[in-house]
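This structure is a prediction, so every number in the text was calculated from the model and none was measured. Reminder, nothing fancy here: chain letters follow the sequence lines and each chain counts from 1.
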Amino acid sequence: MTTTLPAYDEVVARYEPVIGLETHVELGTNTKMFCGCPTDFGGEPNTRVCPVCLGLPGSLPVANKAAIEATIRIGLALNCSIAQWCRFARKNYFYPDMPKNFQISQYDEPLCVDGYLDVEVNGETVRIGIERVHLEEDTGKTLHVGGATGRIHGATESLVDYNRAGIPLVEIVTKPIPGSGALAPEVARAYVAELRDVIRSLGVSDVRMEEGSLRCDVNTSLNLPGEEWGTRTETKNVNSLRSVERAVRSEMLRQAAVLDAGGRITQETRHFHEESGDTTPGRSKETATDYRYFPEPDLVPLAPDPAWVAELKAELPELPRVHRRRLQQAWGLSDLDMQSVLNAGAVELIEATVAAGATPAAARKWWLGELSRRANETGVELADVGATPRQVAELQSLVDAGKLNDKLARTVLEGVVVGEGSPTEIMTNRGLEVVSDTGALTAAVDEAIAANPEIADKIRSGKVAAAGALVGAVMKTTRGQADAKTVRDLILQRLS
Amino acid sequence: MTELTKLSAAEIAGLVAAGETSAVEVTRAHLDRIAAVDDRVHAFLHVDSDGALAAARDVDARRAAGEELGPLAGVPVAVKDVLTTKGVPTTVGSKILEGWRPPYDSTIVQRLRAAGTVMLGKTNMDEFAMGSSTEYSAYGPTRNPWDTDRIPGGSGGGSAAALAAYEAPLAIGSDTGGSIRQPGAVTGTVGAKPTYGGTSRYGLVAFSSSLDTPGPCARTVLDAALLHEAIGGHDPRDSTSIPAPVPDVVAAAKRGATGDLTGVRLGVVSEFADEGVEPGVLAAFNESVDALTKLGAEIVEVSCPHFRYALPAYYLIAPSECSSNLARFDGVRFGLRVGDDGNRSLEEVMSVTREAGFGPEVKRRIMIGTYALSSGYYDAYYGQAQKVRTLITRDFTAAFERVDALISPTTPFVAFPLGARTSDPYQMYLADLFTSPTNLYGGPGISVPCGLSGGLPVGLQVMAPTMADDRMYRVAAALETAVGTLTPPEL
Ligand SMILES: [Zn+2]
């Protein structure tokens, strides 16, 4: 793995990559795309089904208006034109997890076309062209039991769960993205991250890559400078931001090795492997099925009322990029500081913590410091670290009120992330509150002065810096539960 | 008891409402008739005696409780096996669905139940409604009660034969290229294809989604209108269903029954004259045109130059859609499964199941449709056929600017002997020559008996603009007053 870095530099010196991304987003509508079945995650197999999503003979689809609205909003957020008239199409192929052996999708008449999404990479804005955004239905899930590969061939038994069949799925396809050179993997990652944020800000999907509600296919090709674009491969089901970046990089390296050796790239589907970070070939596109697309005759054409579309456009929320810029100004952060907030995935968390009463600086300190460190250690997303913005704000309010000092606050936070309760509860239960009773503190200070006469003399003679040693002694006797500044003030006051 | 089976639906409903007979009595009479004659006709694939008697008892109980019942309460109805019936076998005439009991009722069947009609059972049909003689049923052909050596038309031969054999006063059919009207014509009964979208397809096992239209079959025009009214209207579960009230077809049928067509302009499509219509059929048609003139109608010749392309376009669009609609029959979730012996892969089991479950005509159309939709051929076949469809629609629209309705023979020939056309698909397809344009356009059409040729019934078709179904009922009912209903020989 350590040898890939220099190789990568050589690759991008010799070849120009062109990438493209196809993203599938499961919409968070209450019901499925063409029937009234619920879409909630989980549930015993085949319990969220009806004649329509099971494709029983005679059943007919009825399009979910909420899903159409969500798709149009995504299209508008991606600066697309919304079709005034378009149709669903049937994509025909046989597979047991597709109840009808065709998928209702869109073909040459997508709902949204020709948009773009601006993303930030290394402080630069890159404009990613959006080819199309269309709506389709998800398939069920097949479990092949027996056999060596877990694939359809060689299995002794196949079990199908249709709970997911018919859940609305939005497909977002970029235009080819040339010109990003060595940054291609980062551009791919930044695009998916930005797309995820945009969709989350619209509230139309929970866009959780780990649960498969956002799935990504990555197209990659290499060409020599000045020559035509190369043959592309499609890497399927790349299911985290990190994997998007790794998949592009790994495929660039692999293709370069093939081309360097005088070989040619096969147009094919490849599978990404999370553990090794490399890709292996799947089904070859050259023998791919002819999908025999034709307009879905069971559905009427979609003709979104332009006035309705205009209304949806007017009601779009502030897009994440604009929103972030506003926050950066409000929080007074440099570009670099803002970037570290973004990299940590802490924007919304800090925003919510500020909303709960903390200052931006304090909120940022906790989320980027203690909590990020802990998230890294335990390998979870920052949002799942175990502390809520409200708890962090409460913790900071205890610090501001002088009830906790920095060290005690960290201890309390440890209790919060393991679920011991609210910061106030933990502070009270564990007896961690700062000793603020000045009578007890004065006694401790006097005790320290008496035990260290030389230091006391130094301070009396004006060497104020020497007070630190006495503060340390007091903190020791109070087991850290004193406020250091108060102790210092007290010492100076007694010795003045 | 025999008399009950010879009554019209309107008459039966009247007797039940007046308490002069009961729904149970009427139902028993029809079940007895089925038991007596259906071994010679084979109109039914499944007779649901228990379900029918239970439904009849329910109607009688509701009437006894003083509930107000609809105009068809207590009337038996036979349902083409293309519509799902909850818990009652639905095969679509195919081996691939043998033994399947759907978990849900089609909208049409739900509405039949809500109207208080009594479903007797499921009628025979060409497999997946693909055929014009009911000979392609996987369960053996239905025979024409006029001559049991002849076909009853198709695909809905079972429904039409059940009416002609007095096994049921009402029946439901489905019409994709003529499957209600052509069997109506060759059995001397009335069959109406409503406007596409005027009757719900929810629960109609799809053959060709953009053409399939469920509709009423009866022995009189008024009965067909009553049934049409009961099953028609918007259904939110069918996206292609038209959100508008059912045209007032019952009032139109009653108005037509006065025998006055003064002020009605009827168009005769000139192109149909060249299309090899049997002389006997043409003679009966021409006599009917004279009769309609006597009733006050004005007859105008109109040109619909693209109608001649209807059949080829139909035989591309319907197979294309069927190739996709029938993909779901794979043995995974319902119906037949063959070859699941532990040695075959899932894909092989799907393939072997389809090979065993579909008959030759269904396979032929799946192959044609798969070809027509494949990349590189789509524009030349499916795309071209859709253009023809637009041109045919324009012909209709232009014609309806000049006339209120169009008339033609329903089908070029009378009932042919069993086996006469099964070896030549094209000869079979010709049965839909005059009916398929209406399906491509989406408008309504009705076949009404207009006379005999060589002792066999001939039908006249009335075609109207979309959502003007009432017009065709008026003309058909008027013609019925002149021609009278046709009575087949005793079985
Ligand atoms: Zn469902």
Residue, of B:Thr370, B:Val92, B:Leu97, that accumulates the most heavy atom pairs under 4.5 Å with chain A: B:Thr370
Quick one: side chain to side chain donor-acceptor pair (under 3.5 Å) partners of A:His24, sequence neighbours excluded? A:Glu136, A:Glu171
Could I get the full list of side chain to side chain contact (heavy atoms under 4.5 Å, CB included) partners for B:Pro102, not counting sequence neighbours? B:Thr84, B:Thr90, B:Trp100
With a strict 4.5 Å heavy-atom criterion, list every residue of residues 203-213 of chain B that contacts chain A, or say none. B:Gly203, B:Leu204, B:Val205, B:Ser209, B:Ser210
Between A:Pro51 and chain B, which part of the residue has a heavy atom less than 4.5 Å away: side chain, backbone, both or neither? side chain
Can you tell me how far apart CD (B:Glu321) and CZ (A:Arg90) are? Round to the nearest 0.5 Å. 7.0 Å
Would you give the length of the straight line joining atom OH of B:Tyr378 to atom CG of A:Asp290, rounded to the nearest 0.5 angstrom? 12.0 Å
For A:Ile265, the side chain to side chain contact (heavy atoms under 4.5 Å, CB included) test, sequence neighbours excluded, returns A:Thr231, A:Thr233, A:Gln255, A:Val258, A:Leu259
If you compare all heavy atoms of B:Pro236 against all heavy atoms of A:Val62, which two are closest, and at what distance to 0.1 Å? O-CG2, 3.3 Å
Work out which heavy atom in B:Phe334 is nearest to a heavy atom in A:Gly55; give both atom names and the distance. CE2-O, 4.0 Å
Looking at every non-hydrogen atom in both residues, tell me the closest pair between B:Arg333 and A:Pro96 and how far apart they are. NH1-O, 4.1 Å
Under 4.5 Å to a heavy atom of chain A? For B:Asp340 that would be neither
Determine whether A:Cys50 and B:Tyr104 make a side-chain contact, defined as any pair of heavy atoms from C-beta on separated by less than 4.5 Å. no
Taking side chain as C-beta onward, heavy atoms only, is B:Ser320 less than 4.5 Å from A:Phe294? no
Assess whether atom OH of B:Tyr381 is packed by more than 12 heavy atoms of other residues, nucleotides or ligands within 6.0 Å. no
Report, as yes or no, whether the 6.0 Å neighbourhood of atom NZ on B:Lys86 holds more than 12 heavy atoms from other residues, nucleotides or ligands. no
Between B:Arg201, B:Gln386, B:Arg237, B:Glu348, who has the most heavy-atom pairs with chain A when the cutoff is under 4.5 Å? B:Arg201
Specify the closest pair of heavy atoms between A:Arg292 and B:Ser374, including all atoms of both residues, with the distance to one decimal. CG-CA, 3.8 Å
Would you mind checking which part of B:Tyr202 comes under 4.5 Å of any heavy atom in chain A, side chain (CB onward), backbone (N, CA, C, O), both or neither? both
Contact origin within A:Tyr293 toward chain B - heavy atom pairs under 4.5 Å: backbone
As an exercise: rank B:Asp238, B:Val332, B:Leu326 by heavy-atom pairs under 4.5 Å with chain A and give me the winner. B:Asp238
Heavy-atom pairs under 4.5 Å with chain B are the metric here; pick the option from A:Leu54, A:Val52, A:Val300, A:Asn101 that has the most. A:Asn101
What I'd like to find out is whether the side chain of A:Lys100 reaches to under 4.5 Å of the side chain of B:Asp330, using heavy atoms alone. no
Is there a side-chain contact between B:Phe329 and A:Pro57, using heavy atoms and a 4.5 Å cut-off? yes
One should read off an interatomic distance between B:Ser324 OG and A:Lys91 NZ, to the nearest 0.5 angstrom, of 13.5 Å
Reference residue A:Phe94; test side chain to side chain contact (heavy atoms under 4.5 Å, CB included); the match among B:Arg328, B:Glu347, B:Arg354: B:Arg354
Given a strict heavy-atom distance threshold of 4.5 Å, which part of A:Asp298 is in contact with chain B: side chain, backbone, both, or neither? both
